[in-house]
Amino acid sequence: MIPKQAAGAVLFADISGSTRLYETLGDELAVERVGNSLALLARVCNDCGGRVIRTTGDGALCLFGTADAALRASRLMQEKTDEQRELGPGPGIHIGCHFGPVIEQAGDLYGDAVNLAARVAGLAKVGQIVTTEDTFNMLSPELAQRARKLIRVSVKGKQAPVTIFEFLWRDSEDITALSTFTDHGRAVRLVIQYESREWHFEGPGELSIGRDDGCDIVVGDRKASRRHARVERRRNNFVLVDQSSNGTWVQVSGEAEETVLRRDELILRASGVIGLGHSPADGQGAPLAFTCK
């Protein structure tokens with residue numbers, strides 16, 4: 001069968017904080033809440049003219065014919081999720097979207113647009129809708145006025161940096177208060193503390209973290225991989241790249257939700273703690289503390 005190729009808006013809606021939900025509510029109730037969230041995402045997608053291509057335990061991959069349809073669905077997903085959370089403890093979501101050519105085959109989507117949408121979703125925090133300049137350029141004037149340019153970031157597999165926008169879904173949102181990864185000035189140094197030691201990283205190059213004696217930062221946590229993660233300096237940003245078996249947890253100071261990286265990357269911002277293979281909050285091992293200065 002010849003693969004079906006077309007252009008569309010690829011949307012990843014991912015559940016945030018599901019790990020903590022299981023710890024707080026227990027497996028049975030957490031499974032129910034996550035299932036309700038996934039069902040909500042699917043209903044909104046269909047109601048807005050999209051299709052759910054597949055779901056995972058933590059989110060949904062959706063396809064829309066237009067950028068407008070995808071961003072309208074994104075907004076409604078966030079609104080409905082907020083309504084659910086007002087009724088009791090439940091997961092939040094973060095959303096990434098990119099418009100481009102895709103190949104649909106055997107019930108799944110393939111292509112650079114899918115990979116980029118997944119990367120963009122990884123940049124968003126809970127309650128955010130993040131998209132690309134290509135998507136922004138396809139929006140109607142009505143919706144384009146709700147998008148604000150945030151930053152240009154280097155994305156794995158792309159030669160040129162990608163311009164990232166945030167779509168403001170709350171009517172009361174103010175651009176001065178919403179971005180957690182805009183460039184508020186040059187971050188010239190990253191300071192990492194582990195147990196009694198401290199590292200100052202300015203780049204270029206990278207800083208390796210893991211149990212292997214050859215790493216720049218050697219940790220003793222048994223859940224950490226030998227080559228668990230690395231930090232790269234990319235222009236004005238410090239990017240944490242997970243390359244582990246068990247994942248990397250990042251808790252930014254002042255934010256309620258943790259970010260969990262699984263073979264993905266995150267721009268470090270402000271200050272916080274990093275857990276290798278487990279949440280910093282579980283008390284199983286000493287986390288790494290970081291500060292961007």
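When reading the values below, keep in mind they use all heavy atoms of this one structure, side chains included, and skip hydrogens, waters and symmetry mates. Since the model is a prediction, treat every value here as computed from it, not as a measurement. The first residue of the sequence shown is numbered 1, and numbering continues consecutively from there.
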Checklist line | Chi angles and distances behind the side chain to side chain donor-acceptor pair (under 3.5 Å) call for Asp68, Thr66 | finding: CA-CA 5 Å; Asp68 271 27; Thr66 66; 5.9 Å; no

Margin query: Under the criterion side chain to side chain donor-acceptor pair (under 3.5 Å), I'd like the reasoning laid out for His278 against Asp221: C-alpha separation, chi angles, the key distance, then a yes or no.
Written below: CA-CA 10 Å; His278 57 89; Asp221 198 320; 2.5 Å; yes

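When only modelled atom types and interatomic distance are considered, His200 and Glu198 share a side-chain donor-acceptor pair under 3.5 Å. If you check the side chains of Ser244 and Asp242, you find a donor sitting under 3.5 Å from an acceptor.
Annotation: cation-pi geometry not satisfied between Arg233 and Phe201 (NZ/CZ under 6.0 angstrom from ring centroid, within 45° of ring axis).
Ion pairing of Glu202 with Arg189 is present here, as a side-chain N (NZ or NE/NH1/NH2) and a carboxylate O approach within less than 4.0 Å. No salt bridge links Arg146 with Glu166; every basic N to acidic carboxylate O contact stays at or beyond 4.0 Å.
A pairwise comparison of heavy atoms in Pro280 and Gly275 identifies CG-N, 3.5 Å as the closest pair. Here the closest non-hydrogen pair linking Leu207 and Ile217 is CD2-CD1, 3.7 Å. Looking at every heavy atom in both residues, Ile192 comes nearest to Phe290 through CG1-CB, 4.3 Å. For the residue pair Ala73 and Val44, the shortest heavy atom distance occurs at O-CG1, 3.6 Å. Here the shortest heavy-atom pairing between Ala229 and Thr248 reads CB-OG1, 4.4 Å. The minimum heavy-atom distance linking Val114 with Val10 is given by the pair CA-CG1, 4.2 Å.
With sequence neighbours excluded, the residues forming a side chain to side chain donor-acceptor pair (under 3.5 Å) with Glu79 are Arg75, listed by chain and number. Residues passing the side chain to side chain donor-acceptor pair (under 3.5 Å) test with Gln284 are Lys223, Asp282, sequence neighbours excluded. Gln251 pairs by the side-chain contact (heavy atoms from CB on, under 4.5 Å) definition with Arg20, Glu255, Glu258, Val273, not counting sequence neighbours. Applying the ring-ring contact (aromatic ring centres under 6.0 Å, His included) criterion to Phe136, with sequence neighbours excluded, gives Phe165. With sequence neighbours left out, the side chain to side chain donor-acceptor pair (under 3.5 Å) criterion links Asp112 to Lys158. Contacts of Glu206 classified as salt bridge (Lys or Arg N to Asp or Glu O under 4.0 Å), with partners at least two apart in sequence or in another chain: Arg230.
Taking the side chain as every heavy atom from C-beta outward, Phe64 and Phe99 never approach each other to under 4.5 Å. You'll find the side chain of Asp134 reaches within 4.5 Å of the side chain of His98, heavy atoms only. Within the 4.5 Å cutoff, the side chain of Ser37 has heavy atoms near those of the Ile93 side chain.
The line from CD of Gln145 to CG of Leu168 is 10.0 Å long, rounded to the nearest 0.5 Å.
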